[in-house]
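Please read all numbers here as calculations on a predicted model, not as lab measurements. Chain naming here is simple, since letters A, B, ... match the order of the sequence lines and numbering starts at 1 in each.
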There are 2 protein chains.
Amino acid sequence: MASSIHDLARHLNISIGTVSRALNGRADVNADTRQRVLDAAAKLNYSPNQSGRSLRRGSTHSIAFMLQPHPGDQQYGEPFFIPFLTGLQAKLAESGLDLIVVMGAPGDYQQERLRRVVETRRADAVVLAWTRREDERIDYLTRVGFPFATLGRSRSGGKSYPSLDLDFEKAGAEAVDRLVARGHRRIAAIRPSLDLNFGYLFLAGYRKALRRHGIEVDPELIASGFINEAGGYEVTPGVMNSKDPPTAIIFNNDAMALGGCKALAEMGIKPGHDMAVIVIVDTPLCRYFSPALTGFRPPLEPMGRRLAEMLLASIPAYAGEEGPRTIREVWPLELIARDSD
Amino acid sequence: MASSIHDLARHLNISIGTVSRALNGRADVNADTRQRVLDAAAKLNYSPNQSGRSLRRGSTHSIAFMLQPHPGDQQYGEPFFIPFLTGLQAKLAESGLDLIVVMGAPGDYQQERLRRVVETRRADAVVLAWTRREDERIDYLTRVGFPFATLGRSRSGGKSYPSLDLDFEKAGAEAVDRLVARGHRRIAAIRPSLDLNFGYLFLAGYRKALRRHGIEVDPELIASGFINEAGGYEVTPGVMNSKDPPTAIIFNNDAMALGGCKALAEMGIKPGHDMAVIVIVDTPLCRYFSPALTGFRPPLEPMGRRLAEMLLASIPAYAGEEGPRTIREVWPLELIARDSD
DNA sequence: CGTTTTTCCGTAAACGTTTACGACAACACA
DNA sequence: TGTGTTGTCGTAAACGTTTACGGAAAAACG
């Protein structure tokens with residue numbers, strides 16, 4: 001079954017060294033023999049054993065994406081990640097690299113899986129998502145000197161790694177501006193618990209814009225819950241039961257919005273009619289909800305491609321010529337108006 | 001950085017062979033030296049290089065799950081898969097195995113990624129999902145003799161591999177029974193295009209039950225679209241515009257139902273009020289939709305665990321004693337009544 | 001034709017493990 | 001004391017690659 005480079009060499013009556021050089025496109029091999037090697041490889045459908053190759057090369061030629069759950073979250077926010085991963089994978093494939101997705105176990109707070117990937121050298125670099133404001137994963141990776149890039153910013157780890165993020169602060173402010181322009185003064189914000197950085201940034205923009213409009217920030221209108229449907233569902237009644245209830249709600253993502261709208265419906269409140277709703281990070285879900293939720297659509301697939309570029313450029317072994325490499329980028333978020341506000 | 005077994009041996013002044021044996025728990029090593037080795041390994045935080053190990057052992061100690069897109073589907077149906085993967089990963093971890101998720105590129109019809117995993121021996125076995133009625137991936141894997149298991153049945157590949165599936169046929173029939181009992185006679189079925197086997201099975205049950213109730217199967221009430229929100233949205237108006245429109249719709253999964261309900265809303269039809277809706281494969285989404293959709297909730301996490309067991313038992317290198325091993329299982333699907341029918 | 005350069009290829013070491021084999025000492029047994 | 005057994009460990013080969021090095025033949029040059 002497993003045809004090795006030795007089989008090829010024996011079959012062609014040449015040495016394995018030559019076969020390897022021919023396969024790897026080195027210059028010091030006759031054009032004719034190279035062709036014979038390539039033909040034979042195709043015929044015996046040879047492909048190099050990954051373990052042998054990476055053992056010798058000292059690199060695995062693959063990048064790991066860590067899919068890590070948050071406590072209480074069963075869903076990993078993965079509908080969000082798939083287009084991102086598609087872009088990541090596409091760009092990596094252009095460089096002949098493999099993308100592997102590593103699942104963290106639920107409750108894996110000590111980043112057991114991450115450590116495992118790093119320590120057993122299963123990948124040459126990792127990509128982290130859902131960065132936290134203080135992120136121990138980033139601390140760990142910088143400490144051990146393992147290459148990585150992040151989707152999202154963090155205060156951890158200095159500025160020594162590539163990161164790509166969205167301008168949640170601006171989006172939060174823009175959402176408030178839009179609602180105020182439509183006459184709302186009581187605007188609630190529902191965001192994830194934990195110190196996920198995008199929730200923090202969103203709230204900062206929200207606060208800033210509110211103050212700019214001379215509206216007092218009311219803690220009763222700010223709530224946090226698990227970043228999924230259940231979280232939105234559980235937390236929304238709280239802000240509705242405040243002394244002076246909101247006329248508009250900004251949800252941090254679409255899953256929370258879905259749960260929140262469910263809670264509203266149960267209270268007899270119709271989103272888009274009795275209550276304005278805006279979502280900061282939406283997915284196709286928002287479009288097919290009734291009413292269609294207005295929100296900010298992140299360009300996830302291009303982001304994946306870009307972060308792959310940035311990561312590759314930051315790894316000496318992969319980077320071609322060391323050009324000027326951007327270390328961090330923050331992309332704008334564009335509002336798509338629909339029917340809910 | 002990378003501490004190898006040689007460093008350990010040098011540090012302890014013993015041979016690398018002994019270190020390896022101590023680490024791997026072999027019998028022929030003194031209890032005292034074993035402890036010293038383990039202590040040193042912890043201190044130098046050594047962990048074996050995966051490439052070296054799998055090169056020598058001839059196995060990678062990891063299982064690959066293929067996450068493959070379907071044409072026109074941007075979303076991979078992955079919210080569905082995550083709990084399944086959680087169970088898979090949990091069970092594999094119990095045996096010290098790693099789970100890696102390999103992303104197929106969109107439009108990767110030739111299973112380029114699957115071939116790559118197999119040929120470069122990146123994993124010891126693969127897990128396939130979303131099996132088709134005739135599945136070329138299964139043909140390929142059986143042809144080359146690579147171990148695998150499937151979530152879902154197929155007619156391909158004989159009965160030589162473990163598979164775990166849900167009883168979509170029974171669910172389809174049960175949904176019809178329930179609707180008929182509530183007085184419906186015009187019942188539509190909306191299912192994925194392509195020959196995804198669960199769509200086929202669902203439809204078979206639907207047809208059978210309809211006939212059992214003496215109701216003629218009307219082709220105008222059966223439609224297929226992409227298995228996501230857009231698919232349901234695009235296809236639903238078609239069945240509504242038939243000469244004798246349905247009073248109930250069974251959707252094959254929740255994403256299609258979401259899109260379908262959107263289309264209904266735009267036609268002024270309220271699901272759960274003017275139209276009964278049942279979902280065959282639901283996720284938490286259904287619960288938080290308004291109205292909450294009644295549907296069949298698959299026990300995904302236990303299914304992941306079980307399939308891992310079945311896969312492991314089918315691989316001679318992993319299986320302990322060759323006990324009686326179940327090759328295929330079909331699990332029942334339980335209806336959860338909510339507000340939409 | 002002699003010398004130098006170029007082209008091409010084989011040899012062998014190395015990557016980090018695991019493991020078959022044998023060696024040696026200690027011990028048990030007669 | 002001699003023989004066999006047991007416990008413990010070192011040696012070295014092997015897994016499948018890549019690549020530095022050197023050598024032989026061919027080509028280029030005078």
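For the side-chain contact (heavy atoms from CB on, under 4.5 Å) with A/Tyr161, the qualifying choice from A/Pro147, A/Ser314, A/Ser154 is A/Ser154, the only one to do so. Evaluated for a side-chain contact (heavy atoms from CB on, under 4.5 Å) with A/Val19, the options A/Val29, A/Thr33, A/Val37 yield exactly one hit, A/Val37.
Protein chain B contacts DNA chain D over a range whose 5' and 3' limits, counting nucleotides with an atom under 4.0 angstrom from a non-hydrogen atom, are D/dT8 to D/dG16.
Non-hydrogen atoms lying under 4.0 Å from DNA chain D are contributed by A/Ile16, A/Gly17, all within residues 10-17 of chain A.
In this structure, B/Arg137 forms no cation-pi arrangement with B/Phe148, as its terminal cationic atom is not both closer than 6.0 Å to the ring centre and no more than 45° off the ring axis.
A/Ser4 comes within 4.0 angstrom of sugar-phosphate atoms only, judged by non-hydrogen atoms across all strands, and of no base. Counting any heavy atom pair closer than 4.0 Å across all strands shown, B/Thr33 reaches sugar-phosphate atoms only and no base atom.
In terms of the salt bridge (charged side-chain N to carboxylate O under 4.0 Å, His left out) criterion, A/Arg26 has no residue partners (sequence neighbours excluded). Taking B/Arg10 as the reference, B/Asp7 meet the salt bridge (charged side-chain N to carboxylate O under 4.0 Å, His left out) condition, with sequence neighbours excluded.
Between B/Glu94 and B/Arg305 there is a salt bridge, since at least one side-chain N of the basic residue sits less than 4.0 Å from a carboxylate O of the acidic one. In summary, A/Arg306 and A/Glu309 engage in a salt bridge, as defined by a charged side-chain N under 4.0 Å from a carboxylate O.
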For each nucleotide in nucleotides 21-27 of chain C, reading 5' to 3', give B when a protein heavy atom comes within less than 4.0 Å of its base, S when such contact involves only the sugar-phosphate, and - otherwise. -------

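The terminal axes of the helix from C/dC1-D/dG30 to C/dA30-D/dT1, fitted over 5 pairs per end, subtend an angle of 50° to the nearest 10°.
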